[in-house]
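Labels below follow one simple rule: chain letters A, B, ... track the order of the sequence lines, proteins then strands, and each chain is numbered from 1. Heavy-atom basis, side chains included; hydrogens, waters and symmetry copies ignored.
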2 protein chains.
Amino acid sequence: MTIDSRTSRAPTLEMVAAEAGVSRATVSRVVNGSPKVTAEVTAIVNDAIARLNYVPNRVARSLASRRTDVIALIVPESTSTVFADPFFAPVVRGVARALSDTDYTLNLLIASEARPQKTRRYLLGGNVDGALVVSHHAEDHSYVGLGSTLPIVFGGRPINPETFDSYFVDVDNVHSARTATEHLIGLGRRHVATIAGRQDMPAGIDRLNGWRESIDAAGGDPALIEIGDFSQSSGADAMNRLLDRGVPIDGVFVANDQMAAGAVQVLRTRGLSVPGDVAVVGYDDDTFASTLTPPLTTMHQPSADLGATMAELLVRLIAGEEVPRRTIIPTHLIVRGSA
Amino acid sequence: MTIDSRTSRAPTLEMVAAEAGVSRATVSRVVNGSPKVTAEVTAIVNDAIARLNYVPNRVARSLASRRTDVIALIVPESTSTVFADPFFAPVVRGVARALSDTDYTLNLLIASEARPQKTRRYLLGGNVDGALVVSHHAEDHSYVGLGSTLPIVFGGRPINPETFDSYFVDVDNVHSARTATEHLIGLGRRHVATIAGRQDMPAGIDRLNGWRESIDAAGGDPALIEIGDFSQSSGADAMNRLLDRGVPIDGVFVANDQMAAGAVQVLRTRGLSVPGDVAVVGYDDDTFASTLTPPLTTMHQPSADLGATMAELLVRLIAGEEVPRRTIIPTHLIVRGSA
DNA sequence: TTGAAAGCGCTAACAA
DNA sequence: TTGTTAGCGCTTTCAA
């Protein structure tokens, strides 16, 4: 057997077969760990593989077998800001962890927003067995349509879950907000306000609704609402507006930790003690939450679990199993110093 | 031609050819934008494509053409901490930006450290045309070996650049450290110390060497060195050790901003003014550098440019062009309040 | 248990 | 300009 050294290319399965003196089918079986190959033959083949330094061509394999063993996690390019997003990193870690036990390779697909077709074609072109979409923001749902062609699991509630029969996993924002608010009420606070987040995102809407439910149930004032945009400064502004109303307030549920940080700052600036005068509960359990003064009591998002759950569901979906379309991950309250 | 609806699969190029009444080759030409196809025929084919909702199978394409139009950026799984790493995000953004103009799709490959073979096989299995490796840490060089099989561009100086004829782009740490140190000297400081980083990383070694060169040239004291591990607390410790020596010090070049933050804190705690008593220059221009008190004077790393440059080089390498094995990105000093 | 042979869907000479 | 014809490297029935 001669190899043209000028164009020497990666060894193929066929070369291994020749080297081992068996058929290509047998080599294929050995490579894929088929049980019905003599230990003897297996050894011979493995020897040949080692000698030739053979690495299977996955592309050819994919074409023939219609599987890739690759799962994509789609990252909107703009969200490269995503790297700064304290929510995203743990999700990725959870996905990676869940997948490391499997034969799947994880693929963060940076979706160029300027050329969405590039991503679409990659996804639909047989490069992956399934995809994960973390849609932190409402608009990221350009991928819902692919759901009928490619197994996809979404993270975060889709805007219209009924419209599309997509699979998704999310935390129960409504219930979490209730837990937070009820903690405040349980502390004896009678005038519990809320600083809500953007009302065009599920997280913003649902958390406000949770607060509302608790307040209604407890007979509190349902008008103590100010809306922010999830940024720290918007939280500060909202807190100021709340205080400027001149009505008593002794507790605030804030829809995320960033805004909570702003609110606490305002409170202290205006001479109110936290939690003495006003107790504050945040949401997200961001990394900085424990370093604030006082340390922030907040709702912990099990982001890594969310990622892991998404990955597990997708793997089962690919395997053709029946899986629930809607999976809810529990959250829990972390009591620190602010409430 | 009949399609079994139970097993209805994605339309193939062959189906498009039949629908349009042309050969598969012609369809292929249209899909790939070949110039030598009649406008008329092109229109007919495109119609058929639209009617059938045809999306080319990239895997088959890859197998036949030996190209994938995919570039991988390898991310060590542990480095999922990477997402918190202020250096990594801009690099990724730079890569993404450079690639968005091309036909390449960017693929962040999360390399499972528990099963390194998975990544290796993916890379060597024909899934990508080339790879980018950002080796922040010395150990990440398990991929150097692949360089002979797959075009690879490294970010950051390899440990033994002479040993492996790999391609890499890096900032000139030695020169940058000189710039920083000379700024201090230019300010009239006569006793300029340094807090160096880990001496098992190129960044740590080179920055120390740069300081040394400047000090030697200026006739300063070459013994004013303390080593940290790039963490803030290690910077504080190092500063304390420096001050405890009891010798005069009126300037410090610190090998990264994290350590610089720790050093400044210690300085102020011990009643020394910055930059009055001791001027401090950091390195990295981390996002928080401008928010310190006083705002930190530091060396700016053009991380996005580094990423973009890496991507451009790789693309040219894949195209078979000659490219330099060593590319150095310039840095620049940002003068703020600390020196 | 092993081998032979027919594709997987596409590209790329080479002809026409 | 368009079509014909071999493959790309592997998997997978089906026989042996």
> Do the side chain of Arg29(A) and the base of dG3(C) come within less than 3.5 angstrom through a donor-acceptor pair of N or O atoms?
Replying inline: yes

>> Would you say Ser28(A) places a side-chain N or O within less than 4.0 Å of OP1 or OP2 belonging to dT11(D)?
In response: yes

> Out of Val315(B), Ile71(B), Leu132(B), which residue meets the side chain to side chain contact (heavy atoms under 4.5 Å, CB included) rule with Val153(B)?
Replying inline: Leu132(B)

> With sugar-phosphate meaning primed atoms plus P, OP1 and OP2, does Arg24(B) contact a base, only sugar-phosphate, or nothing at under 4.0 Å between heavy atoms?
Replying inline: base

>> What is the separation between atom CG on Leu124(A) and atom P on dC10(C), rounded to the nearest whole Å?
In response: 13 Å

> When you check the phosphate oxygens OP1 and OP2 of dT2(C), does a side-chain N or O of Thr38(A) lie under 4.0 Å from one of them?
Replying inline: yes

> Just how far, in rounded Å, is C1' of dG9(D) from CZ of Arg66(B)?
Replying inline: 9 Å

> Are any non-hydrogen side-chain atoms of Val31(B) and Ile49(B) less than 4.5 angstrom apart?
Replying inline: yes

> When the distance from CE of Met15(B) to C1' of dC8(C) is rounded to whole Å, what number comes out?
Replying inline: 15 Å

> Is the shortest side-chain N/O distance from Asn32(B) to OP1 or OP2 of dT11(C) below 4.0 Å?
Replying inline: yes

> Taking atom P of dT1(D) as reference, at what distance in whole Å does atom CD1 of Ile44(B) sit?
Replying inline: 16 Å

> Is the phosphate of dT11(C), meaning OP1 or OP2, less than 4.0 Å from a side-chain N or O of Arg61(B)?
Replying inline: yes

>> At 4.0 Å (heavy atoms only), tell me whether Val22(A) reaches a base, stays on the sugar-phosphate, or touches nothing.
In response: sugar-phosphate

> Between Thr102(A), Thr105(A), Asp103(A), Asp101(A), which is the residue that forms a side-chain hydrogen bond (donor to acceptor under 3.5 Å, both in side chains) with Arg115(B)?
Replying inline: Asp103(A)

> Can you find a heavy atom in the side chain of Pro151(B) that is under 4.5 Å from one in the side chain of Leu314(B)?
Replying inline: yes

>> If I take atom CG in residue Leu63(B) and atom C1' in nucleotide dG9(D), what distance separates them, rounded to the nearest angstrom?
In response: 6 Å

> Between atom CG in Leu52(B) and atom C1' in dG9(C), what is the gap in whole Å?
Replying inline: 15 Å

> Are Ser65(A) and dC10(D) close enough that a side-chain N or O sits under 4.0 Å from OP1 or OP2?
Replying inline: no

>> Taking Thr26(A)'s backbone N and O only, do any of them form a donor-acceptor pair with Ser23(A)'s side chain (distance below 3.5 Å, no angle check)?
In response: yes

> Taking CG from Asn127(B) and P from dC8(D), how many angstroms apart are they, rounded to a whole number?
Replying inline: 19 Å

> When all nucleic acid strands are considered with a 4.0 Å heavy-atom cut-off, which category describes Val41(B): base, sugar-phosphate, or nothing?
Replying inline: sugar-phosphate

>> Just the rounded figure in Å: distance from P of dC10(D) to CZ of Arg67(A).
In response: 16 Å

>> What's the angle between the local helix axes at either end of the helix from dT1(C)-dA16(D) to dA16(C)-dT1(D), using five pairs per end and rounding to 10 degrees?
In response: 30°

>> For Val59(B), is there any backbone N or O sitting under 3.5 Å from a side-chain donor or acceptor partner on Asn57(B)?
In response: yes

> Sub-3.5 Å donor-acceptor pair from the side chain of Arg58(B) to the main-chain atoms of Thr68(B), do we have one?
Replying inline: yes

